Amino acid sequence: MVMVLGSFSLLHIHNQFPPIHKHNITSSSSNTPKSQKNLLTRRRTIAFGPSLLVAVASSLTHLALAQQQQEEDPVEQEEDRVVQLFQEASPSVVFIKDLEIVRSPKTTSDDVNLIEDENAKVEGTGSGFIWDKFGHIVTNYHVVAKLATDGSGIHRCKIYLADTRGNGFYREGKIVGVDPAYDLAVLKVNVEGIELKPVAVGKSQNLHVGQSCFAIGNPYGYENTLTTGLVSGLGREIPSPNGRAIRGAIQTDADINAGNSGGPLIDSYGHVIGVNTATFTRKGTGVSSGVNFAIPIDTVVRTVPYLIVYGTSYKDRF
């Protein structure tokens, strides 16, 4: 009804007045006849009324969607956050296998490869993480202790890792340096032509009991396993492989089992805050009690550069 009346009025205007230029429509000059002003106002109302309704409806829709997003299930939000955290951090975690080569009369050390068969058996497994783009891997000393002390040449270290595109591959790991006092070791793999994703290194000096933490590793050979928990305690003392005490260890209830050793303990931002290294087991059971420990990343940051450059820790150089 309104549109019909509007069309009739506009036709009547065209017969009584000359064509209206664009600048006259937008002008507020007092020279415009009163009847023309009223009709122009009527044109604007007809032309922009529906657009205004659409704009209001669109705004209400956006407000409704924003409110719906705010009212999303907090459990779902937390799950999404942990999923994303794992997806970001897991490509930097590696799986380490200690292989023992069974020599035969027809086999020399140069002929041995890393294929696990009757000529190479798995002696142990562990975890580690990519330290830099040059292929340096950080892990626990006890994970590669046999290789580090091997005088016969029968041990090999096989490392499974992934590039930045998520393509998995394996390489032989060579020991660069070890520090049994802190249960740390650095390995090196040949990654020529391959781009790696190093971990994001955090800090451990400002940790608080009650913070969330996450462990990624390969317990019992199950690759890329995520466990979650809290920082349960700080400043703990645990034994090192050489019998001395490692002070300042992080205690956590995130599950750490055989095969987790050497893997990263990360915070809610995906930053590495420690190296998972030990678990307190119930006597005679071998089962974790939920009291687990990690070497603080601040200790790792002080130690690893010396292991890469000199092959030994700073304190052992003098």
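Nothing here was measured: the structure is a model prediction, and the numbers come from that model.
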Near [X] [atom1], under 6.0 Å, is it more than 12 heavy atoms from other residues, nucleotides or ligands?
X	atom1	value
Phe169	CZ	yes
Glu195	CD	no
Glu123	CD	yes

Out of curiosity, [X] [atom1] to [Y] [atom2], how far, rounded to the nearest 0.5 Å?
X	Y	atom1	atom2	answer
Leu147	Glu172	CG	CD	8.0 Å
Thr225	Asn260	OG1	CG	7.0 Å
His142	Asn242	NE2	CG	13.5 Å
Cys157	Lys174	SG	NZ	9.5 Å
Ile216	Ser90	CD1	OG	5.5 Å
Ser240	Tyr182	OG	OH	9.5 Å

*For Lys203, which residues count as a salt bridge (charged side-chain N to carboxylate O under 4.0 Å, His left out) partner, sequence neighbours excluded?*
none
*asked:* List the residues meeting salt bridge (charged side-chain N to carboxylate O under 4.0 Å, His left out) with Glu79, not counting sequence neighbours, and say none if there are none.
replied: none
Compare all side-chain heavy atoms of [X] with those of [Y] and state whether any distance is below 4.5 angstrom.
X	Y	result
Pro239	Arg244	no
Ile194	Leu196	yes
Asn140	Ile295	yes
Val300	Thr303	no
Thr125	Ile96	no
Arg302	Asp298	yes
Leu187	Val144	yes
Leu230	Asp253	yes

Nearest heavy atoms of [X] and [Y], plus distance in Å:
X	Y	value
Val191	Lys133	CG2-O, 3.9 Å
Lys197	Ser92	O-OG, 2.6 Å
Ala254	Gly229	CB-N, 3.9 Å
Ser268	Ser212	OG-CB, 3.6 Å
Gly128	Pro264	O-CD, 4.4 Å
Ile130	Ala162	CD1-O, 4.3 Å

Side-chain heavy atoms under 4.5 angstrom apart, residues restricted to Ile, Leu, Val, Met, Phe, Trp, Tyr: same cluster for [X] and [Y]?
X	Y	result
Ile238	Phe280	yes
Phe95	Tyr170	yes
Val301	Val199	yes
Tyr306	Val309	yes

Determine whether a donor-acceptor pair (N or O, by modelled atom type, separation under 3.5 Å) exists between the side chain of [X] and the backbone of [Y].
X	Y	value
Arg236	Gln251	no
Glu78	Val75	no
Asp150	Gly153	yes

*Co-members of the apolar cluster containing Leu265 [side chain, <4.5 Å]*: Leu207, Val209, Val231, Leu234, Ile250, Ile273
*Applying salt bridge (Lys or Arg N to Asp or Glu O under 4.0 Å), which residue pairs with at least one partner in residues 180-192 are found, sequence neighbours left out?*
none
*Return each pair, listed once, that meets salt bridge (Lys or Arg N to Asp or Glu O under 4.0 Å) where at least one residue sits in residues 220-229; pairs must be two or more places apart or across chains.*
none
*For the pair Leu226 and Val82, evaluate side-chain contact (heavy atoms from CB on, under 4.5 Å) and give the outcome as yes or no after the intermediate values.*
CA-CA 10 Å; Leu226 172 71; Val82 175; 3.8 Å; yes
*Consider only side-chain N and O atoms of Thr252 and Asn292, and report whether a donor and an acceptor are under 3.5 Å apart.*
no
_side-chain contact (heavy atoms from CB on, under 4.5 Å) between Asp179 and Val186, intermediate numbers included_ = CA-CA 9 Å; Asp179 186 356; Val186 176; over 6 Å; no
*Results of ring-ring contact (aromatic ring centres under 6.0 Å, His included) for Tyr141 - residues two or more places apart only*: none
*Give the ring-plane orientation class for Trp131 versus Phe129, where under 30° counts as parallel, over 60° as perpendicular and anything between as tilted.*
tilted
*Run the numbers on Thr279 and Val291 for side-chain contact (heavy atoms from CB on, under 4.5 Å), then give the verdict.*
CA-CA 6 Å; Thr279 182; Val291 181; over 6 Å; no
*Could you walk me through whether Leu85 and Phe214 pass the side-chain contact (heavy atoms from CB on, under 4.5 Å) check?*
CA-CA 9 Å; Leu85 185 73; Phe214 308 84; 3.4 Å; yes
*Have a look at Asp98 and tell me which of Arg156, His155, Lys146, Lys158 forms a side chain to side chain donor-acceptor pair (under 3.5 Å) with it.*
His155
